[in-house]
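Reckoned from all heavy atoms, side chains included, excluding hydrogens, waters and symmetry mates.
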Amino acid sequence: MHTAEQTTSSPTRSTIAATTATDRSRKLPLLALLALATAVFITSLTETLPAGLLPAMSGDLGVSESATGQTVTVYAIGTFLTAIPLTAATAGWRRKRLLLTSMAGFAVANTVTALSSNYVLTMAARAVAGVAAGLAWALLVGYARRMAPARLEGKAIAIAMAGIPVALSLGVPAGTFLGTALGWRVAFLSMTALTVVVLGWIATAVPDYPGRPRGARAPMLRVLKVPGVTPVLFVTTVFVLAHTVLYAYIATFLDRLGMGGSADLVLLAFGVASLVSIWFVGARIHRRLRALTVASTLLVAAAAAVFAVFSDVPALVYVAATLWGLGWGGVPTLLQTAAGQAGGESADAAQALLVTLWNVAMAAGGVVGGLLLDGLGHLSLPWSVLLLLVPVLAVVVGARAHGFPTRRADGAA
């Protein structure tokens, strides 16, 4: 009997050992993840690029700058109106086919935007870009997770999401410079050229995965009943709202401080700190998601406090921008990882809801920030950030079992 037990149990041990060894030996597919990062860069930059090109665009389109500014709004509207239904409708598609389709949408939309002289056509193209963004954003985090061994999922997501701070810190200034030097149409055509390169890159370097079988698909909103998903979505909505209230009007805020001529340097400090943050978060997120989310919230709150109390000291404005970048840079990775882990088998649905609420919060942040600026003055912006971050911190701290757990699903602290 003893010998039989040994014979029976031995293959099981060796199978487990072999599986563990295989998982440990797997490395991150950097070429494929960098393709996803470039796709994220394109989605982020396409959304914000018009902000630096409004005067030239409005002249060519024959409308006011405020009307041209709605090209950013309609992008966000296209995203949050379609992310959930399109993600549900395409749940059965193979993942590479879906990613290539969404990126092709960017190529078409940016090309039409570059060539159009008609305001209505331009707005339609921007709406199409927003639709493509909603589809891509709901897909990319889950894609990155599936390409990595479990122990490296956080790093994989951090690499894929690195395109966000790069777009904010380097892409927008570069696109604005290109548009000023060669014309705003060249800036959008450059985005099309980059998208074509990424399409080839994805086709050759990114692995394919199946979608979910029809019988395995749950109604999209049922994911809200999964423990942990609702706290993550609440934190996402309020955190993004707080960030956008100040970020959308940072140039005006700095101008009111008498630092309008230094806006590019302040944003550069923010951008460099964001890159440091996303690297730091990516290296530690697998074991420290909860602690990192708390730290990010506190850093952004500290930045807002410095902006509110010491804005008359230029050196401290740079300190505040640096703290802000260190806090905010890793937030997209943290929240999308939290949503994916909480959602489990319904991770794509959780991501679609996150994308929708993210864009709702961005649109609301622009409106709320404008009302605060006109009604209460520029210093109301950082104070409102502090106020909004109080419930964010409370929910993160309170979601100990699910959402932002003290222990990972595998039991590690």
Side-chain angles (χ1 to χ4, degrees), residues 44 47-55 58 64-73 76 164-165 167-169 172-173 176 237-274 277 296-329 331 358-393:
S44 299
E47 180 171 19
T48 56
L49 187 58
L53 305 171
L54 289 183
S58 66
S64 67
E65 288 188 25
S66 60
T68 307
Q70 300 312 304
T71 57
V72 177
T73 303
I164 297 173
L168 291 175
S169 59
V172 173
T176 302
T237 305
V238 182
F239 208 153
V240 173
L241 174 63
H243 167 77
T244 307
V245 161
L246 182 57
Y247 189 81
Y249 297 94
I250 187 62
T252 302
F253 178 79
L254 293 172
D255 188 59
R256 299 280 178 90
L257 299 179
M259 295 181 64
S262 302
D264 53 348
L265 295 177
V266 174
L267 289 175
L268 180 61
F270 169 84
V272 171
S274 295
S277 174
S296 294
T297 307
L298 292 175
L299 282 168
V300 176
V306 175
F307 275 132
V309 179
F310 300 107
S311 58
D312 56 337
V313 183
L316 292 181
V317 171
Y318 285 96
V319 170
T322 302
L323 290 173
W324 189 10
L326 289 174
W328 178 256
V331 166
W358 189 293
N359 281 276
V360 168
M362 286 186 66
V367 174
V368 172
L371 292 173
L372 287 170
L373 189 65
D374 292 339
L376 299 175
H378 64 287
L379 289 180
S380 66
L381 300 179
W383 283 117
S384 68
V385 173
L386 270 174
L387 183 64
L388 288 166
L389 289 180
V390 172
V392 169
L393 184 61

Indicate yes or no: at least one non-hydrogen side-chain atom of Leu257 is less than 4.5 angstrom from one of His378.
yes
Could you check if a side-chain atom of Val360 sits within less than 4.5 angstrom of a side-chain atom of Thr237, using non-hydrogen atoms only?
no
Which value, rounded to the nearest 0.5 Å, describes the distance between Ser296 atom OG and Leu389 atom CG?
11.0 Å
Can you classify the ring geometry of Phe239 versus Trp328 as parallel (below 30°), tilted (30 to 60°) or perpendicular (above 60°)?
perpendicular
Do you know which two heavy atoms are closest between Leu299 and Gly327, and how far apart they sit?
CB-CA, 3.7 Å
Among residues at least two apart in sequence or on other chains, which ones pass side chain to side chain contact (heavy atoms under 4.5 Å, CB included) with Leu386?
Ala301, Ala304, Ala305, Trp383
Please determine whether side chain to side chain contact (heavy atoms under 4.5 Å, CB included) holds for the pair Phe270 and Thr322, giving the CA-CA distance in whole Å, both sets of side-chain angles, and the decisive distance to 0.1 Å.
CA-CA 5 Å; Phe270 169 84; Thr322 302; over 6 Å; no
Give a yes or no on whether the backbone of Leu393 and the side-chain of Thr297 come within a donor-acceptor separation of less than 3.5 Å.
no
Taking all atoms of both residues into account, what is the closest heavy-atom pair of Ser277 and Gly325, and its distance?
CB-O, 3.6 Å
Report yes if the side chains of Leu316 and Val319 come closer than 4.5 Å at any heavy-atom pair, otherwise no.
yes
Is there a side-chain contact between Val240 and Thr244 in this structure, where contact means two heavy atoms from C-beta onward sitting under 4.5 Å apart?
yes
Ala308 and Ser311: which non-hydrogen atoms are nearest, and at how many Å?
O-OG, 4.5 Å
Would you call the rings of Phe253 and Phe307 parallel, tilted or perpendicular, where under 30° means parallel and over 60° means perpendicular?
perpendicular
Testing the basics here: between Pro391 and Val238, what is the closest heavy-atom pair and its distance to 0.1 Å?
CG-CG1, 4.5 Å
Got Ser384 and Val368 here, is their nearest side-chain heavy-atom distance under 4.5 Å?
no
